[in-house]
2 protein chains.
Amino acid sequence: MASSQSRKRGTYHHGNLREALIDTAFAMIEEDGVESLTIRRVAERIGVTHAAPSHHFADKNELMLALATEGFARFRTALGSVMHISNPLERLSAMGRAYVRFALDHPGAYRLIMGPALSRIQIPAPHAVESGSLDHRTLAASEGTFDMLESTVAEAMQGHTAIGGAGVSGVAFLAWSAMHGAALLFLDEMIDCKLPDDSTDGFPRLLDEVIAFVEAGIALSPRGASPSSRT
Amino acid sequence: MASSQSRKRGTYHHGNLREALIDTAFAMIEEDGVESLTIRRVAERIGVTHAAPSHHFADKNELMLALATEGFARFRTALGSVMHISNPLERLSAMGRAYVRFALDHPGAYRLIMGPALSRIQIPAPHAVESGSLDHRTLAASEGTFDMLESTVAEAMQGHTAIGGAGVSGVAFLAWSAMHGAALLFLDEMIDCKLPDDSTDGFPRLLDEVIAFVEAGIALSPRGASPSSRT
DNA sequence: TTTTCATCTTGATATTGTCAAGATCAACGA
DNA sequence: TCGTTGATCTTGACAATATCAAGATGAAAA
């Protein structure tokens, strides 16, 4: 109750407006999407006038940056919950499921951290660092998640080449692309994921096939080609 | 010269405002992105007052719908340019390259037809038809492109199961997801595609590995498992 | 107690989508 | 030829939004 939305004493100074703005805005993007988020509505919901947020975030930009940081933290936590799995192939599959599950469960947050809403809004591109006005925490968090993926793929491939001659970065990119694309296709309702023949806990059946395909592509490789064998 | 932007006689009636709106708006989303598109700016660029477009498109919605229809037509043309390839595996690879190339060459159009800008804006979801106010031409165009993909995958798999036990719809979904995700990761600069070690005509090297991986996963399958063999 | 300064309010401006009412003009019928 | 009609475009307005400027408030420091 006495959370970030509560005021301290009178009605003039809020007490911790900055935190309240982030929390409330985060809840609002989960309810109505990133695009319909307005500073004025956030302020109104908190019970503060429309210009109050400007003293904590110069721009709507900066609010979005703070939201992205928060979103990345939650995203990283969601992915980290499966990192304890010792078998790299199993871990990779679990990462894929956790990835898409997060996107489906938190569409607003996912669109915020991965979608164009941020990059358009002058946000750090994980691999395009140019010392601009980028949020280092967001950057570190996003790079951390990609490292988790790449290291898991490397561990699963054990120095071998995957089918088709793909290397570690290629397979990691495939995995990321496929999960990212699948999540967005689901979210944008470009494809129907509400089919009755789902697998465990309502998880899209099609996605299981995708994950199994990638997993098999990695697992099959050692028998076929390794960097030191063949030509 | 006397294209869609030209007026007919005096300065009052434009002559073909509707076409001019679509053409100009399409050019503008390629220049500045979908989000910065403004009805007033389109009207101003054409040389017409801000309320003129309302007589051709009731909403910004309807303008977007028309733009999506146009974008889908161009997208379909781009994909269709490789449909003459007889070998299904080669055709599938070419489709993947054409897909991403279109997205990279026409970011605005791609985001318009595949991105959330449309679905949020009350646009037909290809597989979520519900007899609402959906544009049938757009719908038909999008379904046609997905059919091109699915039939090519089916032809390449020849009744067999792909690695990991994936069926035709699973592989088609993987291909679409991977290309969609890769395109967006490139466009959003989540990953760097401007590497010096690109393959032919500046095409991202990583994407070649992704395509080769999927291609190999399909090609390898007949030797392993088919629906009638094994268990 | 007085001062200082971050915080919040009030008020204003520019941009945007949308609506309503009027102006213009080409086509059509008498 | 001339008046009518209806589509097309303009003018003007309104509400919502981001942003800025100036003033009010009050807690902490001096």
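Each chain gets a letter, A, B and so on, in the order the sequences are listed, and its residues count up from 1. Model, not experiment: these values are computed from the prediction.
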Between [atom2] on [N] and [atom1] on [X], what's the gap in Å once rounded to a whole number?
X       : N      : atom1 : atom2 : answer
A/Phe57 : D/dT19 : CZ    : P     : 13 Å
A/Leu37 : D/dA18 : CG    : P     : 8 Å
A/Lys60 : D/dC20 : NZ    : P     : 14 Å
B/Arg41 : C/dT16 : CZ    : C1'   : 10 Å
B/His56 : D/dT10 : NE2   : C1'   : 13 Å
B/Asn16 : C/dA26 : CG    : C1'   : 15 Å
B/Asp59 : C/dG17 : CG    : P     : 11 Å
A/Met64 : D/dT17 : CE    : C1'   : 13 Å

* Side-chain contact test, heavy atoms from C-beta onward, threshold under 4.5 Å: evaluate it for A/Ser169 versus B/Leu206 and give yes or no. =>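 Yes - at least one pair of side-chain heavy atoms lies under 4.5 Å apart.
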* To do: Taking the side chain as every heavy atom from C-beta outward, state whether B/Phe57 and B/Arg18 have any pair of such atoms under 4.5 Å apart.
  =>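 With C-beta onward as the side chain, the pair touches.
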* **Ring center gap for A/Phe173 and A/Phe146 short of 6.0 angstrom** =>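 A/Phe173 vs A/Phe146: aromatic centres not under 6.0 Å.
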* Asked: Any chance the rings of A/His106 and A/Phe102 have centres within less than 6.0 Å?
  ->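 Distance test on ring centres: under 6.0 Å, yes.
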* To do: Consider the side chain of B/Thr49, meaning its heavy atoms from C-beta on, and name the nucleotide among C/dT10, D/dT11, D/dT8 that approaches it most closely.
  =>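 Nearest listed nucleotide: D/dT11.
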* Asked: Below 4.0 angstrom from OP1 or OP2 of C/dT18, is there any side-chain N or O of B/Ser54?
  ->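 Result: no.
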* Asked: On DNA chain C, nearest-nucleotide positions of B/Ala51 versus A/Ala51: which is more 5'?
  ->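 Closest to the 5' end, via its nearest nucleotide, is A/Ala51.
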* Asked: Closest nucleotide of DNA chain D for A/His55 versus for A/Thr38: which of these residues is on the 5' side?
  ->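 Looking at the nearest nucleotide for each, A/Thr38 comes out on the 5' side.
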* To do: Classify the side chain of A/Arg40 versus the base of D/dA16 as yes if they form a donor-acceptor pair under 3.5 Å and no if they do not.
  =>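 Answer is no: no donor-acceptor pair is held.
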* Please work out if B/His50 contacts a base, only the sugar-phosphate, or nothing of the nucleic acid, heavy-atom cut-off 4.0 Å. =>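 The residue B/His50 makes base contact.
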* Asked: Do A/Arg74's NZ or CZ and the ring of A/Phe26 fall within the cation-pi criteria of under 6.0 Å and 45°?
  ->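 Checked: cation-pi criterion met.
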